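One structure is given below, represented as structure tokens, and several questions about it will come after.
The shown structure was predicted, so the numbers you read here are calculated from the model rather than taken from an experiment. We name chains A, B, ... by the order of the sequence lines, and we start the count at 1 in each one.
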Amino acid sequence: MLDIQLLRTQIDTVAARLGSRGLQFDTAAFLALEEERKRLQTRTQELQAQRNALSKQIGMLKGRGEDASTVLAEVGRLGDELKACEQALPALLEKINDFTAALPNLPHESVPVGGDEAGNVEVRRWGTPRSFDFEVRDHVDVGAPIGLEFETGARLSGSRFSFLRGPIARLHRALAQFMLDVQTVEHGYTECYTPYIVNREAMVGTGQLPKFKEDLFWVLRGGDEEGLEQYLIPTAEIPLTNSVREQVLAADALPIRLTAHSPCFRSEAGSGGRDVRGMIRQHQFDKVEMVQIVQPETSYAALEQMVGHAEAILQKLGLPYRVMALCTGDMGFSAAKTYDLEVWLPAQNTYREISSCSNCEAFQARRMQTRFKNAQGKNELVHTLNGSGLAVGRALVAVIENYQQADGSVVVPEVLRPYMGGLEVIEAVL
RNA sequence: GGAGAGGUGGCAGAGUGGUCGAAUGUACCUGACUCGAAAUCAGGCGUAGGUGCGAGCCUACCGUGGGUUCGAAUCCCACCCUCUCCGCCA
């Protein structure tokens, strides 16, 4: 949510900055709503003040046992207009709220301007893609003989689900455990276990709702045809970030660093046919998520730091990657600035997204009403950041493809071996 | 799922439908007293919004949403949450 005061006072600047994200902001429509709001709100409050004063008089008169019928008649005259105002105002405020809740965050000034992913800027690269002396196969082919089963997943659930069996399932678990250990032990994040089903308010808080309902799975209790509005989380960012919703935090409690390993559920509406082969784009995948709740002055330093926390995983796994600064047109709804990490996938001969780290500034905090007591003793909105550290399914893909051998076996990266009972190579036996 | 109790300011805890945004205690802040502290005394101490250059004034908020009323923390309805007991359950 953008600051409504900013919208009221600097609407043209806001419109221009939103325009850099490719958004047409109808300023005239907004201004018209605002003008009406101002008129209606002022009038409503005026009438309420009159009513309150008269009602107070009635109370005093009756208290003294005197006749109140004159005042009663007077207050009666306010009735119709007041009732009309009290009905119209909330409706109008909701309309304005719907309008602003659908506006994305303003890009930070350092974000490159661009219309789509072609406008993203490479910041740095790490590692050298391995050269293969045999024909490289993709993770679907390498994975099949070590327990990666798409057909089973499809039979159980449908397309975009996979079933892991045996050593590859263990490798998947090892990756998640390893990531969680690095983020907690080396980078100071507090490990969390969170609900995977959350309510509407949480989804609104982080920005998935009201605009992106079609990307979510929503759930009903058995037997209910309708009921509470509850959703499967598309990322642990939602429970982690919302864990501080509607709170006023002590300044010395910040920064808060949280991490969680969780499944993520995404309907992938609109992805139409992209990445249908393999594990790249699934309805369900695991992720280790990082979230930071920080004071505003420190949020951009925290963002750089968080990108480093994600990079550390790839470096330890020995996976080549590059860091991309997303351009204005490619950023997510809640982000003011985003870096993507893209890992090298030899079979695709390209880099693919494996992590996304964003500073949302006060955008989510305003929606969640999360504040802290600043040095002046005033309540001030916090800044929130989130980042993948990393996507487990895509990390699995990257390991399989980058560590494959000519005989179909896959070498286990050294840092994962303690999580695999010392296993060094996964042999293709199944 | 069944039975009961309850949700009020940071916390605790009052509140016959009428000068209640809310007593009181406690915590916290400021000042006085003190060499300093404690104790004591005085004052201050919620959030959001509107309006004004400003001191300020006004509006809303007592779990949430409706309703009754000139007026609702207080009455009515629905829902949510918490606690206790019973049942079921990993």
Side-chain angles (χ1 to χ4, degrees), chain A residues 1-9 30-31 33-101 193 195-205 218-231 239 242-254 263 362 365-382:
Chain A
M1 194 86 85
L2 300 179
D3 183 359
I4 188 78
Q5 303 296 353
L6 192 71
L7 276 167
R8 286 173 188 162
T9 56
F30 178 77
L31 287 174
L33 283 174
E34 261 299 304
E35 196 173 321
E36 174 64 5
R37 185 222 102 231
K38 197 164 177 172
R39 190 192 67 74
L40 195 55
Q41 184 167 1
T42 311
R43 182 62 184 153
T44 305
Q45 294 186 354
E46 202 175 285
L47 291 169
Q48 283 172 334
Q50 285 177 29
R51 180 205 58 197
N52 289 349
L54 292 172
S55 290
K56 206 168 261 188
Q57 271 186 40
I58 294 171
M60 283 191 285
L61 289 171
K62 288 203 169 175
R64 283 190 245 118
E66 294 173 26
D67 175 47
S69 56
T70 320
V71 187
L72 221 45
E74 199 176 334
V75 83
R77 282 198 290 276
L78 299 174
D80 286 345
E81 191 187 353
L82 182 58
K83 192 166 275 183
C85 284
E86 284 186 334
Q87 277 175 2
L89 184 60
L92 183 60
L93 289 176
E94 197 182 323
K95 211 166 164 183
I96 292 174
N97 188 62
D98 289 349
F99 196 96
T100 52
Y193 171 81
Y196 302 147
I197 296 176
V198 299
N199 59 29
R200 177 184 169 81
E201 287 69 35
M203 286 292 185
V204 171
W218 60 285
V219 293
L220 294 175
R221 297 186 192 208
D224 285 3
E225 292 198 8
E226 55 183 290
L228 290 176
E229 204 172 336
Q230 294 181 315
Y231 301 87
N242 276 285
S243 68
V244 294
R245 69 176 293 118
E246 290 160 47
Q247 300 212 328
V248 180
L249 304 162
D252 62 11
L254 303 175
R366 191 172 291 110
R367 289 169 164 251
M368 299 190 299
Q369 280 305 299
T370 303
R371 293 155 296 174
F372 74 105
K373 282 254 183 265
N374 67 17
Q376 289 74 45
K378 291 284 181 193
N379 292 342
E380 185 177 345
L381 294 167
V382 298

- Query: Under 4.0 Å: is that the gap between some side-chain N or O of A:K38 and OP1 or OP2 of B:U51?
  - Reply: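 It does, given that an N or O in the side chain of A:K38 lies less than 4.0 Å from OP1 or OP2 of B:U51.
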- Query: Do A:E86 and A:Q48 get their side chains close enough for a donor-acceptor pair, meaning under 3.5 Å?
  - Reply: yes
- P atom, B:A5 versus B:C41: distance in rounded Å?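 Straight-line distance between the two P atoms is 41 Å.
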- Task: Could you measure between the two P atoms, the one in B:G31 and the one in B:C83, and give it in whole Å?
- Result: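 Between the two P atoms, the distance is 43 Å.
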- Query: What does A:L72 touch in the nucleic acid at a heavy-atom separation under 4.0 angstrom: a base, only the sugar-phosphate, or nothing?
  - Reply: base
- Item | Qualifying residue, where the test is side chain to side chain contact (heavy atoms under 4.5 Å, CB included) with A:R371 and the options are A:V248, A:L249, A:V244 | A:V248
- Message: If the cut-off is 4.0 Å, is A:N52 near the phosphate of B:A60, judged by side-chain N/O to OP1 or OP2?
- Response: yes
- Query: For A:R51 and B:A60, is the shortest distance between a side-chain N/O and OP1 or OP2 below 4.0 Å?
  - Reply: yes
- Message: Distance check, P atoms only: B:U82 and B:G25, in whole angstrom units.
- Response: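 It comes out at 34 Å once rounded to the nearest Å.
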- Query: Within the structure shown, what part of the strands sits under 4.0 Å from A:R43 by heavy-atom distance: base, sugar-phosphate, or nothing?
  - Reply: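 Contact class for A:R43: none.
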- Query: Checking all strands, does A:R39 fall into the base, sugar-phosphate, or nothing category for heavy-atom contacts under 4.0 angstrom?
  - Reply: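 It contacts nothing in the nucleic acid.
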- Query: Between A:R366 and A:I4, is there a donor-acceptor pair closer than 3.5 Å when you use the side chain of the first and the backbone of the second?
  - Reply: no
- Task: Assess whether one donor atom and one acceptor atom, taken from the side chain of A:Q41 and the base of B:G49, lie less than 3.5 Å apart.
- Result: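 No pair found.
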- Query: Is RNA chain B part of any stem, that is, at least 3 consecutive Watson-Crick or G-U pairs with both distances under 3.5 Å, and where?
  - Reply: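 Stems for RNA chain B, defined as runs of 3 or more consecutive pairs: B:1-7 with B:80-86, B:10-12 with B:24-26, B:28-32 with B:40-44, B:46-51 with B:56-61, B:63-67 with B:75-79.
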